[in-house]
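The structure appears right after this line, and notes come after that.
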Amino acid sequence: MTAPTPPAVLGALYRAGVFNPARGAAWILAISRWGPTLASLVATTALTAPRRAAVIDDAGYLDYRTLDRTSTAMAGGLRALGLGRGTNVGVLHTNGRGFVEVVVAAAKADLVPVLLSTGFAAPQLAEVLRREQIGAVVCTDALADVLDQTGLHLPYAVTDEASMVARRTTRALVRSRGYPLPASLRPRPPTLLTSGTTGSPKGARRNATAVSLTSATALLQRLPYRVGDIFVVSHPLFHAWGFFQLVSSLALGATLVLPADSSAASTLEAVATHRANVLAVVPVLLQRMLGPNLNLADYDLSTLRIVASSGSALPVAIAQRWMDQVGDNLYNVYGSTEVGHATLASPTDLRAAPGTVGRALPGCVVEVLDEVGHRLGVGEVGRIFVGGSTQFAGYTDGGARPVAHGLIDSGDVGYFDAEQRLFVTGRSDDMIVSGGENVYPAEVEELLLSHPGILEASVTAAVDEEFGQRLVARVVASDPALDERAVKRFVAEQLARHKVPRTIEFVGELPRTLSGKVRRHRQARS
């Protein structure tokens, strides 16, 4: 599939309300100062609708004019930390206005934001900070202690200023605004973290073209976003799916509502309270909303025009139940940090072909290939390869994914139907996807084997109705006093929360091949 034609792009922008005289003139002024960056998106709405809320969080409203001014001042403060153009700045931040201010400030200071997981334990965080060559970090107060525990002594600023006395705060950065900002800016897409073949989190670099007008409007041609929409997002903004919602809301001069917690009840309450038009979810959140502890009829969801799901497989039963109860407003987006957004299934697609992830987006090429790179026909299962302007430019450690015909291996397997709708049937390796998070068993196994009371360990996946999959660890223990709680605590102290096995089974031996390798598939559970 080729890139979208200019008329298609212009038509999508017109329908979304992006093209009107006021916004057009403001955009020209904004881009003349800030270039094709996130900063110009904020500045455009700051000129046309300055009092419109850019962010609503537990601290209240942050309008576009204030976001524009504060981020400019903060950009000078980031430069005052000694960060030169193109330097990596770590963003270790939970959802809230602070996250938004920092990434916009980074654009104005010509820095590269590296979006760090708030679930990292200190050893993992230290590894990432070293490898990604982070020059400074902006974090919340609650995460500053984890940063201290890395022992790296990087310059950092804390956004939760009320409880801070001795540490540098973002208020101090704002007061440092006298530092000059670059007169011209390059678009510097953020570095998003993903998992490598060993399970160690690593950065995925983006091409500048990944935030170009063409790629930004690919989803806009299929998702009926509108200027001034109200977005509710409870998914972490440091993930690719969450960050896409942030960029989309800023591009449309929309309002981004970030609930104080990510529970299903809080998310639904935010939709009802703020009369949201767009709800971005991962499938597990949708499942919880439809769970027995909540009644959708208790919430006014009548303003929802788009419920966009991504991050992991969307169960057919969940999609059908949502549309039956709420309406045909569900869109399923397929992609990854590496390949970007590849396909989209509309409500019509989900009704006609339950389980599909939809058709290739404009500007994307999606193919199903066999093991030697030959294109497969309708219904034939093979490896899914993707190409387009939204894909990544390689890992920051110099690694890359397999390529065929100029397309990147997604790591998934699947097939096309006769209507060119794609279906994903699984992973091409043994990666486990639990609640939208990717986990490689080897990383958890290696940690378990470092425990003095564990002789052998194997981690596999079990089917889970809520998370899609859950981690099951089987261990051969040398310490008879070792129990499940102790093992979980040990993993939680070293790895991110989503990598802690939900079940620990103590066994006498592990099934192995003649060569000594653990037979993972013989341990799979349902």
### Query
Which distance, rounded to the nearest 0.5 Å, do you find between the CD1 of Ile56 and the OG1 of Thr273?
10.0 Å
### Query
Any side-chain heavy atom of Arg79 sitting closer than 4.5 Å to one from Leu181?
yes
### Query
Are the side chains of Leu279 and Met289 in touch, meaning some heavy atoms are under 4.5 Å apart?
yes
### Query
Do Val333 and Trp241 have side chains that get closer than 4.5 Å, going by heavy atoms?
yes
### Query
Which residues pass the salt bridge (Lys or Arg N to Asp or Glu O under 4.0 Å) test with Arg226, sequence neighbours left out?
none
### Task
Could you check if a side-chain atom of Ser310 sits within less than 4.5 angstrom of a side-chain atom of Tyr331, using non-hydrogen atoms only?
no
### Message
Minimum heavy-atom separation for Glu419 and Arg359, please, with both atom names.
### Response
O-NE, 3.2 Å
### Query
How long is the span from the CG atom in Leu38 to the CZ atom in Phe243, to the nearest 0.5 Å?
5.0 Å
#### Entry: Arg502: partners by salt bridge (Lys or Arg N to Asp or Glu O under 4.0 Å), with sequence neighbours left out
Asp464
#### Entry: Closest heavy-atom pair and its distance - Leu350, Ala345
CD2-CB, 3.9 Å
### Query
Where is the tightest heavy-atom contact between Leu258 and Gly96, given as atom of each residue plus distance?
CD1-N, 3.4 Å
### Query
Between OG1 of Thr150 and CD of Gln124, what distance do you get to the nearest 0.5 Å?
13.0 Å
### Message
Just to verify, which of Val233, Val257, Leu285 counts as forming a side-chain contact (heavy atoms from CB on, under 4.5 Å) with Thr267?
### Response
Leu285
### Task
To the nearest 0.5 Å, tell me how far Leu47 CG sits from Thr44 OG1.
7.0 Å
### Pairing residues for Arg65 by the salt bridge (Lys or Arg N to Asp or Glu O under 4.0 Å) criterion, not counting sequence neighbours
none
### Query
Considering only heavy atoms from C-beta outward, does the side chain of Thr118 approach that of Pro236 to under 4.5 Å?
no
## Note on the structure
Here the side-chain hydrogen bond (donor to acceptor under 3.5 Å, both in side chains) pairs for residues 104-116, sequence neighbours left out, are Asp68-Lys108, Ser71-Lys108, Thr72-Lys108, Arg85-Asp110, Asp110-Arg188
### Task
Using a 4.5 Å cut-off on heavy atoms from C-beta on, say whether the side chain of Val89 contacts that of Leu83.
yes
#### Entry: Pairing residues for Phe467 by the ring-ring contact (aromatic ring centres under 6.0 Å, His included) criterion, not counting sequence neighbours
none
### Message
Tell me whether Glu132 contacts the main-chain N or O of Gly203 through its side chain, where contact means a donor paired with an acceptor under 3.5 Å.
### Response
yes
### Query
Does the Ser234 side chain pair with the main chain of Pro259, one donor and one acceptor, at a distance under 3.5 Å?
no
### Query
If you round to the nearest 0.5 Å, how far is OG1 of Thr343 from CD of Gln420?
11.5 Å
### Query
With sequence neighbours left out, which residue pairs that include part of residues 243-258 fulfil the salt bridge (Lys or Arg N to Asp or Glu O under 4.0 Å) condition?
none
### Task
For the pair Leu268 and Leu294, evaluate side chain to side chain contact (heavy atoms under 4.5 Å, CB included) and give the outcome as yes or no after the intermediate values.
CA-CA 10 Å; Leu268 288 169; Leu294 291 175; 4.0 Å; yes
### Query
Do the ring centers of Phe99 and Phe238 come within less than 6.0 Å of each other?
no
### Query
Going through the distances and angles, do Leu250 and Leu252 end up as a side chain to side chain contact (heavy atoms under 4.5 Å, CB included)?
CA-CA 5 Å; Leu250 295 181; Leu252 293 164; over 6 Å; no
### Query
Which pairs with one or both residues in residues 299-319 pass salt bridge (Lys or Arg N to Asp or Glu O under 4.0 Å), sequence neighbours excluded?
Asp229-Arg305, Arg275-Asp300
### Message
Ser309: which residues meet the side chain to side chain donor-acceptor pair (under 3.5 Å) condition with it, sequence neighbours left out?
### Response
none
#### Entry: Approximate separation, where rounding is to 0.5 Å, of Asn332 CG and Ile318 CD1
12.5 Å
### Message
Pairing donors with acceptors under 3.5 angstrom, does anything connect the side chains of Thr159 and His93?
### Response
yes
### Task
Report yes if the side chains of Ser346 and Arg222 come closer than 4.5 Å at any heavy-atom pair, otherwise no.
no
### Summary
Sorted by chain and residue number, the side chain to side chain donor-acceptor pair (under 3.5 Å) partners of Asp328 (sequence neighbours excluded) come out as Arg351
### Task
Determine yes or no for a side-chain-to-main-chain donor-acceptor pair under 3.5 angstrom, with Arg470 supplying the side chain and Val463 the backbone.
yes
### Ser248 side chain to Phe244 backbone, donor-acceptor under 3.5 Å
yes
### Any residue meeting salt bridge (Lys or Arg N to Asp or Glu O under 4.0 Å) with Glu269, in chain and number order, not counting sequence neighbours
none
#### Entry: Audit row: Val100, Leu246, side chain to side chain contact (heavy atoms under 4.5 Å, CB included) steps and yes/no
CA-CA 8 Å; Val100 182; Leu246 167 60; 3.9 Å; yes
### Message
Any side-chain to backbone donor/acceptor pair from Arg52 onto Thr45? Under 3.5 Å, distance only.
### Response
no
### Query
Quick one: does Gln469's side chain have a donor or acceptor within less than 3.5 Å of a partner on Val433's backbone?
yes
### Query
Using a distance-only test with no angle check, is there a side-chain donor-acceptor pair under 3.5 angstrom linking Asn277 and Tyr225?
no
### Query
Can you name the closest pair of heavy atoms from Pro354 and Phe423 and give their distance?
O-CE2, 3.7 Å
### Query
Can any side-chain N or O of Thr356 pair as donor or acceptor with the backbone N or O of Leu422 at less than 3.5 Å?
yes
### Task
Could you walk me through whether Leu223 and Leu344 pass the side chain to side chain contact (heavy atoms under 4.5 Å, CB included) test, one step at a time?
CA-CA 9 Å; Leu223 282 170; Leu344 180 143; 3.6 Å; yes
### Partners meeting side chain to side chain donor-acceptor pair (under 3.5 Å) with His239 (sequence neighbours left out)
His235, Glu437
### Side chains of Asn329 and Trp322 in contact at under 4.5 Å (non-hydrogen atoms)
yes
### Query
Any sub-3.5 Å donor-acceptor pair from Arg33's side-chain atoms to Ser40's backbone N or O?
no
### Summary
On a heavy-atom basis, the closest approach of Leu81 and Ala136 is CD1-CB, 4.1 Å
### Message
Any donor-acceptor pair under 3.5 Å linking the side-chain atoms of Asp261 with those of Ser266?
### Response
yes
### Message
Taking side-chain hydrogen bond (donor to acceptor under 3.5 Å, both in side chains) as the cut-off, I'd like each qualifying pair that reaches into residues 54-64, sequence neighbours left out, listed once.
### Response
Arg51-Asp63, Asp57-Arg97, Asp63-Thr66
### Summary
In terms of heavy-atom contacts, Pro36 and Ile31 come closest through N-CG1, 3.7 Å
